[in-house]
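Below: the structure, in structure tokens.
Read the numbers this way: they start at 1 and go in the same order the structure lists the ligands and their atoms.
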Amino acid sequence: MREKLENIRKEVETLLQQSDVNLEELRIRYLGKKGELTSVLRGMGALSAEERPIVGQLANDVRFFIENAIAVKAEEQKKEQMKMKFMKEKLDVTAPGNAVKVGKRHPLAKVEMEMWDIFLGMGFDIIEGPEVEYDYYNFQALNIPENHPARDTQDTFYITNNILLRSQTSPVQVRAMEKQKPPIRVISPGRVYRSDAVDATHSPMFHQLEGLVVDKGITMGDLKGTLELFAQKMFGPETKIRFRPHHFPFTEPSAEVDVSCFVCGGKGCRVCKGEGWIEILGAGMVHPYVLSNCGIDPEVYSGFAFGMGIERITMCKYGMDDMRLLYENDVRFLNQF
Ligand code: PHE
């Protein structure tokens, strides 16, 4: 029996020399309920009274030896595993890094924010209006009654007979004047919709920026000064503006406004198509009917309004010849701005 115990000790010693020995299996095999040491102890009953305490002591020593050896080995294995883990996870701080791709603002958003800055600098507030609008605000209050031919050029998407997707940002003029008494000095950017087929210069959805100023004594001179400063900030300090007579039902007089070509300075080039001038917006003095529709007395107050296409200004500024590029979201295109 002593010999058996000695053998067990030696076996365990040998087994523990393997570095990857499974310690749990080993523990069960020798110390478990049906383990080898236990079975030796079970046989103790057959020993004589003198031998029993001696063998018992030896068995305890062997148990203690195995327990201790397993604990030591477990510690060793743990250290080894940590070492391997550190080796594997070693970070080479001199290795070249992975560049993080950071997105950019879309050119339309960039230009729109430039516009905000310019007008905020002149004391304008920014307001918003709904894209789903009443016929009343989009047309009627703007002096475009039913059957007015101006409706044809802005044929839009109707939701019901009197609710539609706004075809211009001008309805926000009416909403602003209903809400706020003069002095009013606001811009209103946003999406507008027209039932146009997509081509290089048209899209059923695009963006406009509306401007409105109403106060006592506002004149066309104020409109000119405001737009001139805007054009110079947007396209460069040498930029000139030109007013051409036009017609909008909600302004009187009305004008289309051109800027001198910022590429050729007015001589004529590819960007201005040889004209020397580029049309950028519509504007005029707020029609007295529109003021009255909003409860503002045209005998006391006057105002000007303008509206420009943000796509158009963006395309001019960057010399783009196809509007579709702005909506395709091709990063090779967008990365250029
Ligand atoms: N709403 C007009 C358009 O979409 C532009 C405009 C705005 C003209 C304000 C005059 C005054 O064409």
* Asked: When you measure from the centre of the six-membered ring of F243, is the NZ or CZ of K224 under 6.0 Å away and within 45° of the axis?
  -> yes
* To do: For S170, counting its heavy atoms only, list the atoms of ligand 1 lying under 4.0 Å from any of them.
  => 1 (N), 7 (C)
* Below 4.0 angstrom from a heavy atom of F250, which ligand 1 atoms are there? Numbered from 1 as shown, please. => 1 (N), 2 (C), 6 (C), 7 (C), 8 (C), 9 (C), 10 (C), 11 (C)
* So, E133 and R175, do they make that salt bridge, N to O below 4.0 Å? -> yes
* **Cationic N near anionic O, under 4.0 Å, R185 to D125** => no
* Is the NZ or CZ atom of R166 both under 6.0 Å from the centre of the six-membered ring of Y193 and within 45° of that ring's axis? -> no
* Asked: Hey, is ligand 1 close enough to E210 that some N/O pair sits below 3.5 Å?
  -> no
* To do: Compute whether any side-chain donor of one residue and acceptor of the other, for E67 and Y30, lie under 3.5 angstrom apart.
  => no
With a cut-off of 3.5 Å and sequence neighbours excluded, list every side-chain donor-acceptor pair involving residues 303-317.
unit_1, atom_1, unit_2, atom_2, d
E311, OE1, H207, N, 2.8
E311, OE2, H207, N, 3.3
E311, OE2, H207, ND1, 2.7
E311, OE2, Y327, OH, 2.6
R312, NE, E279, O, 2.5
R312, NH2, E279, O, 2.9
T314, OG1, I310, O, 2.7
K317, NZ, E114, OE1, 3.1
K317, NZ, M234, O, 2.9

* Structure fact -> So the atoms of ligand 1 within less than 4.0 Å of a heavy atom of G307 turn out to be 6 (C), 7 (C), 9 (C)
* Structure fact -> So for A283 against ligand 1, with non-hydrogen atoms under 4.0 Å, the contacting part is backbone
* Structure fact -> Any heavy atom of R194 under 4.0 Å from ligand 1? The part involved is side chain
* Asked: Short list, please: which atoms of ligand 1 are under 4.0 Å from a heavy atom of Q173?
  -> 9 (C)
* Residue Q208 vicinity, atoms of ligand 1 by number, heavy atom under 4.0 Å -> 3 (C), 4 (O)
